[in-house]
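Below is one structure, written out as structure tokens; the observations come after it.
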Amino acid sequence: MRVHNRHGDRIDPVPFAVTVGLAFMLTLSFGPIYGLSYGLSLTASLALSTLAFACATALAHHQLVRSAPAVDAGPLPPGPRVERLLYAVLGLGVVFAALTVPLL
């Protein structure tokens with residue numbers, strides 16, 4: 001599979017495929033259960049889970065495929081990498097905290 005970024009350079013599609021697979025697993029396995037615990041119907045829960053999966057896929061495509069750095073850009077400095085990792089951990093912590101609300 002030949003995947004190109006916005007500069008036309010070939011990139012590795014594996015991180016995108018893994019991210020989309022994990023997003024599918026998490027949103028469509030836990031999403032309907034939490035939707036039902038919030039009082040939504042099964043149809044609405046599945047629709048919202050599918051919408052969340054589509055948004056996660058679009059975000060992953062933008063970050064991991066479309067905005068992938070050019071081949072000649074060199075390695076990314078460690079400062080922005082650590083900052084992005086910190087934001088990802090904080091965002092995941094907020095999501096996990098929000099998922100515990102119906103269990104209280």
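None of these values were measured; they are calculated from a predicted model.
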Going hydrophobic residue to hydrophobic residue with side-chain gaps under 4.5 angstrom, can you get from Val20 over to Val65?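 Linked, Val20 and Val65 end up in one cluster.
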Are Tyr87 and Val94 co-members of a hydrophobic cluster defined by side-chain heavy atoms under 4.5 Å apart?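 Val94 and Tyr87: separate clusters.
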Calculate, to the nearest 0.5 Å, the distance between atoms CG and CG belonging to Leu64 and Asp12 respectively.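 CG of Asp12 is found 10.0 Å from CG of Leu64.
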Kindly compute the distance separating OG1 (Thr19) from NE2 (His61), expressed to the nearest 0.5 Å.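 The OG1 atom of Thr19 sits 12.5 Å away from the NE2 atom of His61.
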Using modelled atom types only, decide if a donor and an acceptor are shared between the side chain of Asn5 and the backbone of Ser67 within a distance under 3.5 Å.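 No: the side chain of Asn5 does not pair with the backbone of Ser67.
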Could you list the donor-acceptor pairs under 3.5 angstrom formed between side-chain atoms of residues 75-86 and any protein atom two or more places apart in sequence or on another chain?
unit_1, atom_1, unit_2, atom_2, d
Arg84, NH2, Gln63, OE1, 2.9

Heavy atoms only: give me the nearest Phe16-Thr57 pair and the separation to one decimal.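 Closest approach of Phe16 to Thr57: CE1-O, 3.9 Å.
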Could I get the full list of ring-ring contact (aromatic ring centres under 6.0 Å, His included) partners for His4, not counting sequence neighbours?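 His4 satisfies ring-ring contact (aromatic ring centres under 6.0 Å, His included) with no residue once adjacent residues are dropped.
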Excluding sequence neighbours, so at least two apart, what forms ring-ring contact (aromatic ring centres under 6.0 Å, His included) with Phe24?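 For Phe24, the residues satisfying ring-ring contact (aromatic ring centres under 6.0 Å, His included) (neighbours in sequence not counted) are Phe53.
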Partners of [X] by side chain to side chain contact (heavy atoms under 4.5 Å, CB included), sequence neighbours excluded?
X	answer
Thr100	none
Ile33	none
Ala44	Leu40, Ser41

Taking distance alone, no hydrogens or angles, what donor-acceptor pairs closer than 3.5 Å link side-chain atoms of residues 25-32 to residues at least two apart or in another chain?
unit_1, atom_1, unit_2, atom_2, d
Thr27, OG1, Ala23, O, 2.7
Ser29, OG, Met25, O, 2.3

